[in-house]
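So the structure is just underneath, and the comments pick up after that.
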Number of protein chains: 2
Amino acid sequence: MISRPPRPRERGIPDATVARLPVYLRALQALQDRGTATVSSEDLAGAAGVNSAKLRKDLSHLGSYGTRGVGYEVEYLVYQISRELGLTQDWSVAIVGIGNLGRALANYGGFGTRGFRIAALLDADPEVVGRTVASLDVRHIDNLEDVVRDKGVSIGVIATPAGSAQGVAGRFVEAGVSSILNFAPVVLNVPDGVDVRKVDLSIELQILAFHAQRRADGDGRGAERAGLEVT
Amino acid sequence: MISRPPRPRERGIPDATVARLPVYLRALQALQDRGTATVSSEDLAGAAGVNSAKLRKDLSHLGSYGTRGVGYEVEYLVYQISRELGLTQDWSVAIVGIGNLGRALANYGGFGTRGFRIAALLDADPEVVGRTVASLDVRHIDNLEDVVRDKGVSIGVIATPAGSAQGVAGRFVEAGVSSILNFAPVVLNVPDGVDVRKVDLSIELQILAFHAQRRADGDGRGAERAGLEVT
DNA sequence: CCCACTTTGTGCGTGCTTTCACAAGCGCGT
DNA sequence: ACGCGCTTGTGAAAGCACGCACAAAGTGGG
């Protein structure tokens with residue numbers, strides 16, 4: 001096999017676009033709350049902090065939902081993006097590791113638009129198990145498989161120390177969870193077909209430090225590389 | 001003017017590379033703790049979850065620190081990456097918004113390698129101001145400018161509700177902070193020369209939901225798009 | 001009905017990222 | 001001293017992503 005067939009991408013929305021859709025959605029919901037009926041790509045792009053051509057191209061991947069000379073109908077667009085992101089159905093989330101971060105996550109009520117329901121909290125520490133956090137009983141990690149099955153958990157959140165994360169990930173996968181959000185500072189090893197996203201505090205700080213240093217360093221001329229919003 | 005002069009990028013490390021250096025650094029530190037002296041690009045790439053060619057090219061931006069036939073000396077590489085990221089100096093961090101998340105951040109001791117020192121906690125709520133969190137007094141937000149000056153804060157972390165975030169960002173910038181890590185679900189508006197990074201819970205969940213739906217949807221054939229680790 | 005104005009959707013050039021593939025370099029055993 | 005095996009560093013190719021600029025398409029006024 002010389003070259004695999006040039007990647008059909010059968011219904012392909014580029015990953016970069018997918019990463020921005022939630023931002024557009026939030027901006028749109030803000031507009032909706034303010035009673036705005038339609039919005040131009042220029043204005044929406046401004047609110048979302050992106051280039052308007054990029055926004056139009058992103059939206060064009062979902063179909064032609066705008067009206068030339070007018071703009072986009074806010075309500076309709078909210079619906080289309082929600083549908084595309086899969087927010088019209090309910091996702092059941094389990095959080096493992098109820099330390100400071102786990103508690104913060106559990107209490108973080110406004111999970112964007114609804115669509116996400118925190119179904120269970122799990123921890124290994126007997127000190128924590130049995131307590132009530134965000135009106136949920138914290139259950140022992142040994143019940144992970146049962147909880148996943150009984151509550152139909154489809155997204156697992158790992159907020160444990162680094163050492164336990166891989167083990168938890170493995171159990172999630174074994175139990176049939178194929179979407180994992182990982183806050184532990186380790187690279188998770190998972191089989192193909194499992195989607196892992198990582199959120200890492202200290203990595204973000206380190207990237208900021210790099211740019212800050214660069215700014216301070218070569219300051220024969222300032223701000224040569226700056227103001228970059230990053231997703 | 002047809003084309004701007006082709007972007008000198010005077011000491012340019014690509015952004016994509018910078019974003020991965022912290023991951024390499026962590027993997028290297030794990031190796032170091034285990035007493036490993038040298039490591040091949042293949043092994044390190046494995047530990048960091050990236051392609052080995054990519055890793056080598058990334059490292060080549062820092063200079064030629066490997067030995068052919070052998071690999072990279074762990075300790076030396078740790079030092080080089082740390083230096084490049086600016087972790088050999090101390091960064092003073094202020095956290096604004098001491099809710100669940102702010103507390104979690106304040107208590108998150110292991111900020112990667114040292115290099116980051118939490119210098120101050122600020123909040124607007126009189127109920128919270130004055131309390132001690134992570135052995136720091138929570139001070140009133142009105143002291144932001146003083147704190148930034150007195151403690152030499154160079155990185156600001158915003159963990160407030162969405163509504164307050166822009167205001168806090170403005171004050172940070174005004175006070176001379178030009179690196180901001182934003183946890184609030186809003187797009188911050190800052191002048192050029194200020195570096196904002198955003199961490200957003202619900203966006204991550206929405207992206208997971210998208211891929212999960214895709215997997216469930218078009219399952220005439222499974223897992224056509226999967227296993228993608230994302231930074 | 002037509003014209004001026006607005007705004008979308010997209011073709012195209014450019015630059016960045018990733019990946020492959022391999023020559024050059026290094027260490028070790030003989 | 002020499003050759004063998006291993007591993008780096010990098011040219012070259014392919015794929016993506018971004019943003020400009022413009023044609024196409026719609027609106028509203030006269």
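Here is the naming used below: chain letters follow the sequence lines, and residue numbers restart at 1 for every chain.
Listed nucleotides dG26(D), dT10(C), dA21(C) differ in distance to T67(A); the shortest reach to its side chain belongs to dG26(D). Of the candidate nucleotides dC20(C), dT18(C), dT27(D), dT27(D) has the atom nearest to the side chain of V70(A). Taking the side chain of Y72(A) as heavy atoms from C-beta on, and the options dA17(D), dT8(C), dG9(D), the nearest nucleotide is dT8(C). Taking only side-chain atoms of R68(A), from C-beta outward, the nucleotide of dA25(D), dA21(D), dG25(C) with the closest atom is dA25(D).
A donor-acceptor contact closer than 3.5 angstrom is absent between the side chains of S92(A) and D90(A).
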Do I13(A) and F210(B) pass the side chain to side chain contact (heavy atoms under 4.5 Å, CB included) test, and can you show the C-alpha distance, the side-chain angles, and the key distance before you say yes or no? CA-CA 10 Å; I13(A) 299 181; F210(B) 172 85; 4.3 Å; yes
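The nearest whole Å value for the distance from the NE2 atom in H61(A) to the P atom in dG11(C) is 11 Å. In this structure, Y24(B) places its OH atom 13 Å from P of dT8(D), rounding to the nearest Å. Protein atom CG of D15(A) is 16 Å distant from nucleotide atom P of dT17(C), rounded to whole Å. Counting to the nearest Å, the C1' atom of dT7(D) and the NZ atom of K57(B) are 16 Å from each other. Following rounding to the nearest Å, K54(A) (NZ) and dA17(D) (C1') show an atom-to-atom distance of 8 Å. Taking atom CZ on R56(B) and atom P on dA21(C), their separation rounds to 13 Å, with Å as the unit. The distance between atom CG of L62(B) and atom C1' of dT8(D), rounded to the nearest whole Å, is 14 Å. Rounded to whole Å, atom C1' of dC20(C) lies 16 Å from atom CG of L55(B).
Checking the phosphate oxygens (OP1, OP2) of dG9(C), a side-chain nitrogen or oxygen of S64(A) falls inside 4.0 Å. Side-chain nitrogen and oxygen atoms of R20(B) include at least one within less than 4.0 Å of the OP1 or OP2 phosphate oxygen of dT18(C). Of the side-chain N and O atoms in S41(A), one or more sit less than 4.0 angstrom from OP1 or OP2 of dT8(C). Close to dC20(D), at under 4.0 Å from its OP1 or OP2, lies a side-chain N or O of N51(A). OP1 and OP2 of dT7(D) both lie 4.0 Å or more from every side-chain N or O belonging to Y65(B).
Q29(B) places no side-chain N or O within donor-acceptor distance of the main-chain N or O of V78(B), the cut-off being under 3.5 Å. A donor-acceptor contact shorter than 3.5 Å links the side chain of Q213(B) to the backbone of E84(A).
Between atom CG of residue L181(A) and atom CD of residue E204(B) there is a gap of 6.0 Å, rounded to the nearest 0.5 Å.
Between G69(A) and S60(A), the residue anchored closer to the 5' end of DNA chain C is G69(A), taking for each the nucleotide with the nearest heavy atom.
At the heavy-atom level, A16(B) lies under 4.0 Å from the strands shown only through sugar-phosphate atoms.
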